[in-house]
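Let me begin by presenting the structure, written as structure tokens, before commenting on it.
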Amino acid sequence: LSSCSLSRSLAHTHKLFFSLSLSLSPSLPHSLSGALFFFMPVQCHFGTPPPSPRSSTALSMEHHDGVTGMDGVVDESSTPAGLQLVLHASSLPSSPGRHHQRSHSNSQYTTNSSSSANANSRRHLTGTSQQRQPKHRMRPGVERPLFMGALCTADTLAVRALACWKQSEYDSALQLFEGALRCEANHVVAALGYRYFLRDKPTLAPRPRDRHIDDELLERAQAASPQQLSAAKTFFLQDQADITNQFLLGVLEKKLLNDARRGANWYKRAADAGNHLALFNLGWCYHTGDGVPKDRSRAVQLYKQSAALGNAWACNNLGVCFERHAEVRDVDQAIRYYEAGAELGNPLAQCNLGVLVERGEGVERSLSRCLELYRQSADQGYAAAQNNLAVLLERGEGLMRDVQEAIRLYTLAAAQGLARAQTNLGVLHHTGTGFPRNPRKATEYYRAAASQANPWAMFNLALCYENGEGTARDAAEAVRLLRAAAAMGYTVADELLASRGFSFLDSVNQSTGSAH
């Protein structure tokens, strides 16, 4: 080749590499003095695709209070609110569907703490749903990205990703975090950084904003070895004056090293510097008394500071505080903050606002508007909204009745472990609504929901045991389930126990051989 053609060929090759490469930073290529810089973009795929809207069809129309957000899902029990469709269980043998109640999902908090409820929420039904797809599936592509002509390390990419995040180079940060996790699935700095990077910029399109990504990134970090955790802590401590590092140290201490007090101290340092993520997480610490004395007023103050900086999750939590807690109850304020969170695209705020709009509580009742809000939230994979949307679809409220679409949404929600959706699917199988009648399948769903202490599922399962539908007759188990449901405040179960009286107790005595 002539020197001219050779130079043109090299220039073309160099240009091609740049067209395939990830733009890490405008300043970086210049600092490399023209060295060949080649990085193949990679992308992680976490968990299953985001589910579509949820539904619920349970024994009674149940509104759900809970807490979800930064670090998990924590359910708070509450008295069911809203419409009730409670018909007596004695009608089951002749008309299996009459006694069933429909379940509705209600307000959810955003939290910064994982709990066992989150694990329960992802439990799958035995024999009723497919197993969850294998975790950490990556899309086809190069196995490892190239950096400076050699295989790069997760450390290299994670450090550069954090730098891009801090410099507001969001597209580069996104690719680099995913590249680091492809190199090392349980890289703590990459997993925590990516998780809260997505929280910091939730409107990054076209990234899905469902909780599967949140959950899996935390699971990756939790699966790290003690050596990996120690290395991550050392890395963050090297520049502990950095606000982002302070916040991530708080997460590492609290979530991975189980030291809530140290975690709260790091949150406080970052919050004092105005980090909206730290303000939110510190607010949750005061909300729950985790690592700091419980102080609901201080929590509200911190949420307000975080919300003022554009944190949509803080908007949602403020809405729940003003809606639910007597010391600060103000429905108008709740609606104001829910609307702010909904406008920022927060699925919890969208669902919670939808519930108030459906009830007409503090705002004009509008089925069309609540449907729109539920659908917006459900499209982001939020199970409570999927549940509520499915209930309306099944009834044909505000739109044409569509049982098959309701079933699809119920199934997606049940696959996420939502007890209300599992119970509702059981009801549909039990009554033969949208399916051939299948009591055995119904009991499988009821058991899955009852294992999560859902009183509606306990009640339905008790009736199955009493009548021998889908399972062998077992009067003792029926009584146990009814008593458990009654103890949770489900009055229909208490009424049924009283109505069966001695005949029920006699059956128990005969089956156990004991005197009562």
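The analysis underlying the following values was restricted to heavy atoms, covering all of them including side chains, and did not include hydrogens, waters or symmetry mates. The model shown is predicted, which means the values in this text are computed figures rather than measured ones. Numbering of residues begins at 1 and proceeds along the displayed sequence.
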Exercise for the section: Check whether any side-chain heavy atom of Val188 lies under 4.5 Å from a side-chain heavy atom of Phe235, and answer yes or no. Expected result: no

Practice task
Would you please test Cys351 and Asn388 for side-chain contact (heavy atoms from CB on, under 4.5 Å) and show each step?
Solution key: CA-CA 9 Å; Cys351 181; Asn388 291 0; 4.0 Å; yes

Handout entry: Closest contact, heavy atoms only, Val331 versus Glu361
Key = CG1-O, 3.9 Å

Handout entry: Ion pair check, Arg336 and Asp330, cut-off under 4.0 Å
Key = no

Handout entry: Which residues share a salt bridge (Lys or Arg N to Asp or Glu O under 4.0 Å) with Asp242, sequence neighbours left out
Key = Lys166

Exercise for the section: Find the distance between CD1 (Ile335) and CZ (Phe322) and round it off to the nearest 0.5 Å. Expected result: 12.5 Å

Practice task
Using the six-membered ring wherever Trp is involved, compare the ring planes of Trp165 and Phe177 and label them parallel, tilted or perpendicular (cut-offs 30° and 60°).
Solution key: perpendicular

Handout entry: Spacing of Met488 atom CE and Asn454 atom CG [to the nearest 0.5 Å]
Key = 7.0 Å

Practice task
Could you tell me whether a side-chain N or O of Glu343 sits under 3.5 Å from a main-chain N or O of Tyr338, the two making a donor and an acceptor?
Solution key: no

Problem - Straight-line distance of Tyr196 OH to Leu162 CG, nearest 0.5 Å - result: 14.0 Å

Problem - Short side-chain to backbone donor-acceptor contact, Thr411 and Ile407, under 3.5 Å - result: yes

Fill in the blank from the handout: Rounded to the nearest 0.5 angstrom, the CG-CG distance for Leu392 and Leu409 is 11.0 Å

Handout entry: Sequence-distant partners of Arg261, side-chain hydrogen bond (donor to acceptor under 3.5 Å, both in side chains), two or more places apart
Key = none

Problem - For Glu253, all residues meeting side-chain hydrogen bond (donor to acceptor under 3.5 Å, both in side chains), sequence neighbours excluded - result: Lys233

Problem - Contact check, side chains of Arg262 and Leu257, non-hydrogen atoms, under 4.5 Å - result: no

Practice task
Give a yes-or-no answer on whether the side chains of Asn317 and Trp284 include a donor-acceptor pair shorter than 3.5 Å.
Solution key: no

Exercise for the section: Take Lys294 and Thr288 through the test side-chain contact (heavy atoms from CB on, under 4.5 Å) and record every step on the way to the result. Expected result: CA-CA 6 Å; Lys294 188 173 182 178; Thr288 58; over 6 Å; no

Practice task
Taking Ser172 for its side chain and Cys164 for its backbone only, find out whether a donor-acceptor pair lies under 3.5 Å.
Solution key: no

Exercise for the section: Give, for atom OG of Ser225 and atom CD of Gln228, the distance between the pair rounded to the nearest 0.5 Å. Expected result: 3.5 Å

Exercise for the section: In plain terms, say whether Asp295 and Arg298 are close enough for a salt bridge, that is, a side-chain N and a carboxylate O under 4.0 Å apart. Expected result: no

Problem - Side chain to side chain, Cys321 and Glu327, heavy atoms closer than 4.5 Å - result: no

Practice task
Locate the shortest heavy-atom distance separating Thr423 from Tyr446; write the atom from each residue and the value.
Solution key: O-CE2, 3.6 Å

Problem - Side-chain donor/acceptor of Gln246 to backbone N/O of Gln240, under 3.5 Å - result: yes

Handout entry: Contact summary for Ala191 and Leu181, nearest pair of heavy atoms
Key = N-CD2, 3.9 Å

Problem - Side-chain donor-acceptor pair present, Glu372, Gln350, cut-off under 3.5 Å - result: no

Problem - Side chain proximity check, Phe247 to Trp266, heavy atoms < 4.5 angstrom - result: no

Exercise for the section: Answer yes or no: is there a side-chain heavy-atom contact under 4.5 Å between Asn352 and Leu373? Expected result: no

Problem - Pairing of Arg447 and Glu444 as salt bridge, 4.0 angstrom limit - result: no

Exercise for the section: Before giving the answer on side-chain contact (heavy atoms from CB on, under 4.5 Å), spell out for Val251 and Tyr267 the whole-Å C-alpha distance, their side-chain angles and the decisive distance to 0.1 Å. Expected result: CA-CA 8 Å; Val251 176; Tyr267 287 154; 3.6 Å; yes

Handout entry: Charged N-O contact under 4.0 Å between Glu339 and Arg369
Key = yes

Handout entry: Nearest heavy-atom neighbours spanning Ala221 and Leu229
Key = O-CD2, 4.1 Å

Practice task
Kindly indicate whether the side chain of Leu198, heavy atoms from C-beta on, has any atom under 4.5 Å from the side chain of Ile213.
Solution key: yes

Problem - Heavy-atom check, side chain of Lys304 versus side chain of Leu318, under 4.5 Å - result: yes

Exercise for the section: Examine distances only and state if a side-chain atom of His325 and a backbone atom of Val328 form a donor-acceptor pair shorter than 3.5 Å. Expected result: no

Handout entry: SB check Glu323 Arg329 (cutoff 4.0 Å)
Key = no

Practice task
For residues Leu157 and Gly179, report the shortest heavy-atom separation together with the two atoms involved.
Solution key: CD1-C, 3.4 Å

Fill in the blank from the handout: Closest non-hydrogen atoms of Tyr286 and Pro293, given as atom of the first, atom of the second and distance, are CD2-O, 3.3 Å

Exercise for the section: Report yes or no: does Asn316 contribute a side-chain atom to a donor-acceptor pair with the main-chain N or O of Ala349 at less than 3.5 Å? Expected result: yes

Practice task
Find out whether Leu348 and Ser377 are in side-chain contact, i.e. whether some heavy atom of one side chain is under 4.5 Å from a heavy atom of the other.
Solution key: no

Exercise for the section: First locate atom CD of Gln422, then atom CZ of Arg420, and finally report the distance between them rounded to the nearest 0.5 Å. Expected result: 10.0 Å

Practice task
Please check if the side chain of Asn275 supplies one atom and the backbone of Ile243 the other of a donor-acceptor pair under 3.5 Å.
Solution key: no

Problem - NZ/NE/NH1/NH2 to OD/OE distance under 4.0 Å, Lys268 and Asp272 - result: yes

Handout entry: Passing candidate, side chain to side chain donor-acceptor pair (under 3.5 Å) with Lys254, options Asn281, Asp290, Asn265
Key = Asp290

